[in-house]
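I have placed the structure first, in the form of structure tokens, so that the comments after it can refer back to it.
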Number of protein chains: 2
Amino acid sequence: MRLFIEKGFDGATVEEIATAAGISRRTFFHYFESKDDILLSLQGDVGKLFAAEVRRAPPATSPFALVRDAALRVCASIPGDDMLAIDRLMRGSASVQARKQASYRQQEEALFSAIRERWPEPERETRLRVLAMVAVGATRLASETFNQEGGARPFDEVLRGAFDAVTAEFTTTAP
Amino acid sequence: MRLFIEKGFDGATVEEIATAAGISRRTFFHYFESKDDILLSLQGDVGKLFAAEVRRAPPATSPFALVRDAALRVCASIPGDDMLAIDRLMRGSASVQARKQASYRQQEEALFSAIRERWPEPERETRLRVLAMVAVGATRLASETFNQEGGARPFDEVLRGAFDAVTAEFTTTAP
DNA sequence: AAAAAACATGCACTCAGTGTAATATAATAA
DNA sequence: TTATTATATTACACTGAGTGCATGTTTTTT
């Protein structure tokens with residue numbers, strides 16, 4: 001982390017990082033598949049947390065409400081300062097940035113599986129895929145806003161705002 | 001393309017690709033920033049097409065309908081066979097896959113800008129970000145399904161199904 | 001035809017990532 | 001404790017992506 005802050009992501013070589021950590025270059029690659037993984041591993045397995053939360057959630061008024069509340073609970077457990085710091089470092093590398101986006105797709109997949117267990121009717125599949133996409137997407141939008149604002153508002157609030165915007169934009173009052 | 005099919009993405013070296021194309025390795029990197037870009041450039045600038053379509057679209061009943069119809073028009077112009085072929089090649093490399101996901105974020109950004117021009121009210125910003133996210137997300141889900149199915153149904157149909165699922169999942173009948 | 005701009009290439013270099021084999025360290029059985 | 005056996009660490013050598021720089025080769029422009 002110190003090296004990344006001092007020299008940037010590309011500026012710090014694996015050699016330097018390994019030496020600073022008191023191990024050899026080769027041993028570094030025994031613990032991390034790539035240099036990117038240093039930052040990616042910090043992100044943690046949000047997808048699995050999210051899915052687990054959905055599985056243990058009580059019956060809800062709607063799938064959307066259940067997923068929204070699960071998202072709020074998961075994110076309540078993540079310190080905002082860490083989010084800001086990790087995000088700042090990740091901006092340093094395009095390939096890290098790309099893999100981060102790719103990780104959202106995995107989260108979506110994990111979340112979909114969990115949702116699917118609760119509503120297994122085949123004809124609902126597409127709708128539930130959409131739900132998972134929206135949930136992960138809203139969470140991503142919230143974290144983008146949160147980082148953009150530099151943590152001005154608490155993450156919970158921003159996240160709730162994102163989910164509320166979904167409701168507001170798509171819930172048309174039918175006759 | 002031939003080399004990628006024969007030897008896989010990682011199996012084909014830039015050296016070989018350049019030679020097969022009748023140029024030098026160094027010249028290759030004059031045209032492509034990276035090996036990944038060979039496949040990524042095939043994807044084309046879908047985001048810009050999408051945004052342009054939104055800009056030229058006639059007034060619509062709702063932002064959602066406008067964006068949905070724009071998506072349908074853009075995708076009508078893309079040959080399904082190409083989509084399948086490109087997708088098959090892209091599966092060969094994790095880093096290409098990652099950059100592809102990252103490109104969806106850029107599409108979202110471009111789309112958001114275009115939508116924003118039509119509804120510039122500041123208080124709508126979050127809702128329109130959500131709309132762009134959902135539109136790009138639905139398009140992505142549709143193309144995932146389309147590729148999964150190997151092109152069994154026409155892309156238009158799958159895409160329409162994805163947007164319909166959004167409506168179905170979120171349009172609750174209020175009293 | 002001469003000058004300038006754009007394109008192509010060769011060369012040398014850095015660095016990420018991998019396979020392999022040797023060596024050290026820790027864990028376990030005797 | 002000692003011998004044995006995993007397991008962790010390392011050195012070494014190699015491939016291949018990507019870059020900077022200098023030089024050569026076309027096109028354009030004047």
Side-chain angles (χ1 to χ4, degrees), chain A residues 1-45 47 85-107, chain B residues 1-48 85-107:
Chain A
M1 292 312 121
R2 183 175 52 76
L3 288 169
F4 283 157
I5 291 163
E6 281 174 19
K7 321 178 122 192
F9 185 82
D10 290 330
T13 68
V14 171
E15 182 80 54
E16 292 169 326
I17 295 164
T19 303
I23 58 175
S24 74
R25 208 178 83 88
R26 196 62 186 83
T27 302
F28 167 88
F29 281 113
H30 189 69
Y31 285 96
F32 295 93
E33 285 201 349
S34 68
K35 192 177 161 184
D36 293 0
D37 281 9
I38 302 172
L39 295 182
L40 265 354
S41 69
L42 292 176
Q43 187 96 18
D45 250 325
I86 294 171
D87 186 79
R88 212 172 308 123
L89 283 176
M90 283 189 163
R91 286 184 197 291
S93 156
S95 96
V96 171
Q97 203 77 7
R99 291 191 118 91
K100 183 183 172 184
Q101 296 305 316
S103 83
Y104 288 127
R105 214 201 145 269
Q106 289 170 7
Q107 288 179 30
Chain B
M1 292 311 123
R2 183 175 53 75
L3 287 169
F4 283 158
I5 291 164
E6 281 174 18
K7 321 178 123 192
F9 185 82
D10 289 330
T13 69
V14 171
E15 182 80 53
E16 293 170 324
I17 295 164
T19 303
I23 58 173
S24 74
R25 207 178 85 89
R26 195 63 187 82
T27 302
F28 168 87
F29 282 113
H30 189 68
Y31 286 93
F32 295 94
E33 285 202 350
S34 69
K35 191 177 161 184
D36 293 0
D37 280 9
I38 303 173
L39 295 182
L40 265 353
S41 69
L42 293 177
Q43 187 94 23
D45 250 327
V46 183
K48 285 184 182 159
I86 294 170
D87 186 79
R88 212 172 310 123
L89 284 175
M90 283 189 164
R91 286 183 198 292
S93 157
S95 97
V96 170
Q97 203 76 6
R99 290 189 122 92
K100 183 183 171 184
Q101 296 305 315
S103 83
Y104 288 127
R105 216 202 143 269
Q106 288 169 7
Q107 288 180 29

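Every chain is numbered from 1, with letters handed out A, B, ... down the list of sequences.
- Between the NZ atom of A:K7 and the C1' atom of C:dC15 there is a distance of 13 Å, given to the nearest Å.
- B:I38 CD1 to B:E33 CD: the interatomic distance, rounded to the nearest 0.5 Å, is 13.0 Å.
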Item to complete: Just do the side-chain contact (heavy atoms from CB on, under 4.5 Å) check on B:I86 and B:L39 with the steps written out, would you?
Response: CA-CA 7 Å; B:I86 294 170; B:L39 295 182; 5.7 Å; no

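- In this structure, B:F32 reaches neither bases nor backbone, as no heavy-atom distance under 4.0 Å exists between it and the strands shown.
- Rounded to 10°, the helix from C:dA1-D:dT30 to C:dA30-D:dT1 has 10° between the axis fitted to its first five pairs and the one fitted to its last five.
- B:T13 places none of its side-chain heavy atoms less than 4.5 Å from the side chain of B:K7.
- The phosphate of D:dT10 (OP1 or OP2) has a side-chain N or O of A:S24 nearer than 4.0 angstrom.
- Heavy atoms from other residues, nucleotides or ligands lying under 6.0 Å from CD of A:E16 number more than 12.
- Summarising the geometry of A:S93 relative to A:D36, their closest heavy-atom pair is OG-OD1, 4.5 Å, with the distance given to 0.1 Å.
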Discussion item. At under 4.0 Å between heavy atoms, how does the protein contact nucleotides 13-18 of chain D? Give one character per nucleotide, 5' to 3', with B, S or -.
Written reply: ---SBB

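- Formation of a donor-acceptor pair under 3.5 Å by the B:K35 side chain with backbone atoms of B:A12 is found in this model.
- Contacts of residues 87-96 of chain A with DNA chain C (heavy atom under 4.0 Å): none.
- Put simply, OH on A:Y31 is 9 Å from P on D:dT10, counting in whole angstrom units.
- Atom NE2 in A:H30 sits roughly 16 Å away from atom P in C:dT25 (whole-Å rounding).
- Not counting sequence neighbours, A:S103 has no partner by the side chain to side chain donor-acceptor pair (under 3.5 Å) test.
- With sequence neighbours excluded, no residue satisfies ring-ring contact (aromatic ring centres under 6.0 Å, His included) with A:Y104.
- Separation of atoms CD (A:Q106) and CZ (A:R99) is listed at 10.0 Å; rounding is to 0.5 Å.
- Looking at heavy atoms from C-beta onward, A:V96 lies out of side-chain contact with A:Q43 at the 4.5 angstrom threshold.
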For residues 20-32 of chain A, dump all side-chain donor-acceptor pairs below 3.5 Å to protein atoms at least two apart in sequence or in another chain.
unit_1: A:S24; atom_1: OG; unit_2: A:T27; atom_2: N; d: 3.1
unit_1: A:S24; atom_1: OG; unit_2: A:T27; atom_2: OG1; d: 2.9

